[in-house]
Amino acid sequence: LSRMNGIIPALITPYTNEGKLNKPVTRQLVRHLLSKGVAGFYLSGSTGEGFMQSIDERKAFLELVLSEVKGEAPVIAHIGAMDTATCVELTKHAAEVGADAVSAVAPFYYKHGLEQVKQHYLDIAGAADIPLIIYHFPAMTGVNASASFYKELAQVDNIVGVKFTSMNTFELQQLISACGEDFLVFNGPDEACLAGLTIGCCGAIGSTYNIMPGKFVELYNAFHSGDIAQARKLQYEVNEVIAELLNYDFIAFEREILRLQGFEVGEPRKPIQQLTDEQRRKIRDFAVKFDF
Ligand code: HMN
C-alpha cells in the first residue's frame, strides 16, 4: 500500500466523438502519466465523471486501465454511488479484475444520518477482500464526518485510508492524528497540495495531475528532499493554472488542455459545460504562455 504514496491523477475518462470510452487515447494518456512518475491512478471519481457513467462503463474503464498499467502502479477504482448495492457490485468486480483498492464518496442526495453512512462503508468493506479508501468530500455529499467517525472506521481491517477533499486543514490534521501513522490520508485540493503534504498526507489525488503531472511530481519530490523553497515555487506556479481553471468547469478546462497536449480525450458528458470556440481560444492563448 505504501506504493500509493505520491501524486495520483484522478484520471479523465477519454471519450470518442460519439461519447464512448476511447481505448487508444486512454492507453496513450496512461503511458504518458506513468512516464511522468505518477504514483497511481484514481478512476471514475469526480474528474472521471463516474456518476455519469453506466455500471458497465465503469467496469470496462477499470479493466482497460488495468490492462495498460500492468501492475506498474496502483489503480484505485472509485466505486461510489447513491446506493449501497451498486457500490457492492462495483467493489466485487474491482477485486475480481485485480484493482489495488476501491474508494467511495459518502452516499449523496438523500440526507442519511452518520449511522447509515457508516453502515454503507461497512457493507462496501465487507463486499470483497480489497482495500477501501473513503472519499471525504463534504461540499458535494453534504456529509460532514469528523475525525472520530473515521477513527472508528479505520479499525476495520481493509479500510486503509481517506481521500480528503476539503480546504479545512485543521480537520485534516485532526483526521491524520486520530487515525494513526499507517492510515493513508490523501490530499484532495491540488491548489493546497504542499499544505496537505506538510500536514502529513501520504500523497495527493486530484484532477490537475492529468495536465501538470511533471510539476506536481517535482513538487512532491522537492518536499520529501526537504527543499521547501522549491516545492513552494512549484505550488505557486501550478496555482496560476488552477486560478485560470476556476473560470471554467474544471473538467471542460482540463479536457481542452489535454487536447492541446495531444490527447484527444473528447468532450465531457452533458450537462458539464461544453466550451465555445471563444473559450477554447482563450484557453489556448493561456496555455501557450505556460510550460506544462
Ligand atoms: C476526483 O475525485 O476526481 C478528484 O480527485 C477530486 C479532486 O479533489 C478535485 N476536487 C474537486 O474537483 C472539487 C481537485 O483535484 C480539484 O479539481 C482541483 O484541486 C482544482 O480545484
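We count ligands from 1, going down the list as the structure has it; atoms in each ligand are counted the same way. Given the structure is predicted, the values throughout are model-derived calculations rather than measurements.
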* Just which atoms of ligand 1 are under 4.0 Å from any heavy atom in P189? -> 19 (O)

* Hey, which atoms in ligand 1 end up nearer than 4.0 Å to a heavy atom of A10? -> 1 (C), 3 (O), 4 (C), 5 (O)

* Structure fact -> min-distance protein heavy atom vs atom 2 (O) of ligand 1 -> Y135 OH, 2.7 Å

* Nearest-neighbour protein heavy atom for atom 11 (C) of ligand 1, which is reported as residue plus atom name and distance -> F137 CZ, 4.0 Å

* Asked: Is the charged tip of K163 near the ring of F186: under 6.0 Å from the six-membered ring centre and within 45° of its axis?
  -> no

* side-chain contact (heavy atoms from CB on, under 4.5 Å) with E49: which residues, sequence neighbours excluded? -> Y15, M52, Q53, I251, R255, P268, R269, I272

* Is R31 paired with E72 through a side-chain N to carboxylate O contact shorter than 4.0 Å? -> yes

* Taking atom 12 (O) of ligand 1 as the reference point, the nearest protein heavy atom with its distance -> F250 CZ, 3.3 Å

* Structure fact -> Among non-hydrogen protein atoms, atom 19 (O) of ligand 1 lies closest to E191 OE1, 2.4 Å

* **Nearest neighbour in protein (non-hydrogen) for atom 9 (C) of ligand 1** => G188 O, 4.2 Å

* Closer than 4.0 angstrom: is that true for some heavy atom of H78 and an atom of ligand 1? -> no

* Asked: Is E57 salt-bridged to K20, cutoff N-O under 4.0 Å?
  -> no

* Protein contact of atom 17 (O) of ligand 1 - nearest heavy atom, named by residue and atom, plus distance -> S207 OG, 2.7 Å

